[in-house]
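Because the structure is predicted, anything quoted here is derived from the model rather than measured. Each ligand, and each atom within it, is numbered from 1 in the order the structure gives. Computed over heavy atoms, backbone and side chain alike; hydrogens, waters and symmetry mates excluded.
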Amino acid sequence: MTETTTQKAQIGVTGLATMGRNLARNIARHGYVTAVHNRSDAKTKALVEEFGHEGTFVPGYTSQEFVDSLESPRTIIVMVKAGPATDAVIEELAPLLSEGDIVVDAGNAHFADTRRREAALRERGVHFAGVGVSGGEEGALLGPSIMPGGSEHAYAKLGPIFADIAVSVDGTPCSTHVGPDGAGHFVKMVHNGIEYADMQLIAEAYDLLRHGLGRTPKQLAEVFTSWNEGDLESFLIEITARVLDKDDPTQEGTPLVDVILDEAEQKGTGRWTVQTALDLGTPVSGIAEAVFARALSGHAEQRKAAQGVLPGPAAGAEGTGGFVAEADAEAFVDDVRAALYASKVVAYAQGFDMIRAGSTEYGWGVDPGAMATIWRGGCIIRAKFLDRIKDAYANQPDLPSLLLDPYFADAVAKGQEAWRRVVTHSVQAGIPAPGFSSALAYYDALRRDRSSAALIQGLRDLFGAHTYKRTDRAGDFHVDWSGDGTESQG
Ligand SMILES: NC(=O)C1=CN([C@@H]2O[C@H](COP(=O)(O)OP(=O)(O)OC[C@H]3O[C@@H](n4cnc5c(N)ncnc54)[C@H](OP(=O)(O)O)[C@@H]3O)[C@@H](O)[C@H]2O)C=CC1
Ligand SMILES: O=C(CO)[C@H](O)[C@H](O)COP(=O)(O)O
């Protein structure tokens with residue numbers, strides 16, 4: 001406890017696990033008197049004991065004590081486990097609050113829950129802001145990317161605080177008002193969906209180079225380090241090199257990646273993104289492939305049963321050169337880099353399409369260029385690449401697809417031959433690359449003048465009289481398939 005515990009706090013944080021503790025420290029380090037509270041006392045005590053010297057903390061050991069320690073109107077950040085825990089905390093706080101207070105949910109909530117909570121608290125005169133925070137443990141402390149949703153009124157109070165604690169890139173804080181009610185959590189959800197796609201593509205690049213080329217993890221750490229100096233420069237590429245370079249701390253000389261169980265877990269934001277995209281009718285195939293690839297990795301029994309039973313090419317063994325001749329190795333590494341970049345552009349294009357679709361559906365008015373701007377630092381998908389996306393939307397705010405921005409169109413066009421070679425190689429070598437191949441399929445489907453959907457429409461009309469539209473006349477048409485074969489207009 002510090003000497004200033006009688007002082008009213010300017011802001012409070014409840015939920016002091018990994019994220020909440022560091023967010024509270026970040027806020028206090030910026031000079032805000034910060035009330036802190038956790039369901040169980042130990043985390044509150046530990047925070048004040050270990051980090052009390054970093055700023056002015058006011059510990060509260062009951063919800064009442066916590067609420068009473070805040071100046072009015074109160075500003076409370078809830079940073080607890082998403083789902084029922086958040087509802088439990090809000091239900092406990094709500095009766096203790098007054099009109100005009102602001103409650104911020106900074107966890108990874110589903111945006112539909114945020115909409116529900118916002119409406120419920122609005123009835124009581126309390127402002128509820130659903131705020132996406134990305135950056136993990138370190139980002140929360142040193143400067144995350146913040147995606148605040150909620151009312152203009154709430155943002156007027158929260159904006160300056162978030163601008164203080166968020167990381168800045170080129171002097172611009174990675175925080176901006178996303179839009180009302182669920183907009184902030186929607187954008188954070190899509191951010192996480194893109195994070196899934198990004199990681200899946202990186203994992204496929206690793207797999208192709210490891211088993212298609214026979215490179216060791218340490219050699220690949222060098223490859224990823226070199227890629228991090230080019231147009232792929234990003235936090236995820238940087239940490240890929242670190243993970244691949246790491247030996248098992250318990251067995252020197254054994255790559256850590258070789259002893260990590262190959263079953264990817266997921267807390268749910270990627271799945272939410274795909275479920276929501278299905279409802280919005282937005283094809284986010286890159287994110288969906290990533291979610292399904294994690295799901296398949298988790299079906300360990302099924303995978304085990306298939307081993308040695310389902311025939312196909314064996315992925316190249318380490319040291320044998322895999323399926324690529326050593327003389328072609330350098331070119332193959334370059335091809336994989338190009339395929340990774342092109343597939344990444346597709347994943348981001350789909351993610352930004354989804355932000356636009358969600359914004360239209362819910363009337364949020366989200367500015368996609370502003371989202372690219374606040375993702376340039378602090379968050380897990382931070383990348384040099386986002387500067388280009390920011391520029392693309394600045395040049396053309398109503399860009400129909402990121403793939404049509406001249407810079408990205410040109411970059412993908414330059415890489416597409418390599419992309420096709422890599423996808424072909426993955427198929428021939430039996431190395432699954434669902435992210436690369438589905439991104440290429442999306443790209444090809446997007447640029448086709450006529451799609452195969454015409455046949456689907458014909459089939460639907462034949463079996464279900466669902467009708468079809470024609471290219472040459474307006475209206476709905478149906479063929480009398482079981483009768484005289486004539487066409488009628490509905
Ligand atoms: N970890 C990360 O990298 C990131 C996490 N997030 C999100 O931030 C939020 C916090 O994440 P994190 O710090 O990892 O912590 P956890 O998601 O592990 O949640 C733990 C916290 O929730 C509290 N809690 C759980 N159930 C209840 C309940 N019924 N009532 C009151 N409090 C409860 C715990 O209290 P107690 O100590 O008493 O158990 C503890 O403070 C989550 O929504 C998460 O999705 C967002 C970005 C990154
Ligand atoms: O929000 C985050 C970063 O922005 C979390 O790190 C993310 O939730 C991790 O997700 P998962 O456990 O599903 O991989």
Side-chain angles (χ1 to χ4, degrees), residues 12-26 36-47 60-63 66 76-94 104-111 113-114 117 130-148 166-167 174 184-200 202-203 234-236 239 263-275 287 290-295 297-298 351 371 374-375 377-383:
V13 178
T14 180
L16 302 175
T18 312
M19 291 297 286
R21 180 192 57 215
N22 279 359
L23 208 58
R25 289 173 61 198
N26 184 353
V36 285
H37 169 262
N38 193 67
R39 174 179 61 173
S40 47
D41 293 354
K43 287 189 177 72
T44 314
K45 283 193 184 117
L47 168 57
Y61 292 100
T62 63
S63 293
F66 173 61
I76 295 176
I77 298 182
V78 179
M79 197 53 164
V80 301
K81 212 175 198 52
T86 306
D87 281 317
V89 171
I90 292 170
E91 273 162 35
E92 190 166 329
L93 288 176
V104 174
D105 174 15
N108 276 336
H110 193 293
F111 75 98
D113 286 337
T114 302
R117 290 168 184 147
V131 173
V133 175
S134 181
E137 186 173 9
E138 193 177 288
L141 181 65
L142 302 177
S145 169
I146 306 181
M147 294 148 251
V167 76
C174 291
H185 276 144
F186 184 93
V187 164
K188 174 69 202 301
M189 175 186 76
V190 177
H191 163 283
N192 280 22
I194 293 174
E195 177 183 304
Y196 275 53
D198 242 342
M199 285 196 281
Q200 175 63 25
I202 288 172
S234 62
F235 173 67
L236 284 170
I239 63 170
E263 297 171 27
E265 297 178 17
Q266 45 186 320
K267 293 205 182 93
T269 45
R271 190 172 58 243
W272 292 348
T273 312
V274 178
Q275 286 167 338
I287 300 170
V291 173
F292 286 131
R294 285 199 197 188
S297 80
M371 299 307 101
I374 63 168
W375 287 349
C379 64
I380 305 300
I381 65 169
R382 61 186 181 263

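Not a single donor-acceptor pair under 3.5 Å links the side chain of Thr18 to the backbone N or O of Glu137. Proximity of a side-chain donor or acceptor of His37 to a complementary backbone N or O of Leu16 within less than 3.5 Å is not detected. With hydrogens and angles disregarded, a donor-acceptor distance shorter than 3.5 Å links the side chain of Arg382 to the backbone of Cys379. Under a 3.5 Å cut-off, the side chain of His191 and the backbone N or O of Trp375 do not form any donor-acceptor pair. Formation of a donor-acceptor pair under 3.5 Å by the Thr273 side chain with backbone atoms of Met189 is found in this model. Panel note: side chain Thr86, backbone Lys81; a donor-acceptor pair is recorded below 3.5 Å. Between the side chain of His185 and the main chain of Val131, a donor-acceptor pair closer than 3.5 Å is present. With Asn22 contributing its side chain and Ala140 its backbone, the two residues share no donor-acceptor pair below 3.5 Å.
Contacts between Asn38 and ligand 1, counted as non-hydrogen atom pairs separated by less than 4.0 Å, involve the side chain only. Residue contacts with ligand 1, taken as heavy atom pairs separated by less than 4.0 Å, involve Lys43 solely via side-chain atoms from C-beta onward. Both the backbone and the side chain of Thr18 come within 4.0 Å of ligand 1, judged by heavy-atom distances. With a 4.0 Å cut-off on non-hydrogen atoms, Lys188 touches ligand 1 through its side chain and not its backbone.
With hydrogens left out, the protein atom closest to atom 4 (O) of ligand 2 is Ser134 OG, 2.9 Å, a heavy atom. Counting protein heavy atoms only, atom 1 (O) of ligand 2 is closest to Lys188 NZ, 2.8 Å. Taking atom 29 (N) of ligand 1 as the reference point, the nearest protein heavy-atom neighbour is Arg39 NH1, 3.3 Å. Nearest protein neighbour of atom 8 (O) of ligand 1, counting heavy atoms only, is Met79 CE, 3.5 Å. Ranking protein heavy atoms by distance to atom 7 (C) of ligand 1, first place goes to Asn108 N, 3.7 Å. From the protein, the heavy atom lying nearest to atom 11 (O) of ligand 1 is Met19 CG, 3.9 Å. Here the heavy atom of the protein found nearest to atom 43 (O) of ligand 1 is Val80 O, 2.9 Å. When hydrogens are left out, the protein atom nearest atom 31 (C) of ligand 1 is Val89 CG2, 3.4 Å; that is the closest non-hydrogen contact. Nearest protein heavy-atom contact of atom 22 (O) of ligand 1 is Lys81 N, 3.2 Å. From the protein, the heavy atom lying nearest to atom 3 (O) of ligand 1 is Gly136 CA, 3.6 Å. In terms of protein heavy atoms, atom 13 (O) of ligand 2 is closest to Tyr196 OH, 2.5 Å.
Between Ile77 and Ala106, the shortest heavy-atom contact is CG2-CB, 3.8 Å.
Under a 4.0 Å criterion applied to the non-hydrogen atoms of Ile380, ligand 2 contributes the atoms 3 (C), 4 (O). Near Val133, with a cut-off below 4.0 Å to any heavy atom, the atoms of ligand 1 are 46 (C), 47 (C). The ligand atoms of ligand 2 that sit less than 4.0 angstrom from a heavy atom of Asn192 are 1 (O), 2 (C), 4 (O), 7 (C), 8 (O). Close approach of ligand 1 to Leu16 is summarised as follows: ligand atoms under 4.0 Å from at least one heavy atom of the residue are 41 (O).
Judged by the shortest distance from any of its heavy atoms, Glu92 lies outside the 4.0 Å radius around the atoms of ligand 1. Within the 4.0 Å heavy-atom shell around ligand 1 one finds Gly15.
Looking at Leu93 and Val78, their side chains come closer than 4.5 Å, going by heavy atoms from C-beta outward. Looking only at side-chain heavy atoms (C-beta outward), Arg21 and Met79 stay at 4.5 Å or farther from each other.
Taking the ring axis of Phe111 as reference, the NZ or CZ atom of Lys188 does not stay both within 45° of it and closer than 6.0 Å to the ring centre.
Other residues, nucleotides and ligands place more than 12 heavy atoms under 6.0 Å from the CD atom of Gln275. Around CD of Gln266, the count of heavy atoms belonging to other residues, nucleotides or ligands within 6.0 Å exceeds 12.
Scanning Ser40, Ala17, Ala85 for the heavy atom closest to atom 38 (O) of ligand 1 points to Ser40. Scanning Arg294, Lys267, Glu265 for the heavy atom closest to atom 14 (O) of ligand 2 points to Arg294. Of the listed options Gln266, Glu195, Met147, Met19, Glu195 places a heavy atom closest to atom 10 (O) of ligand 2.
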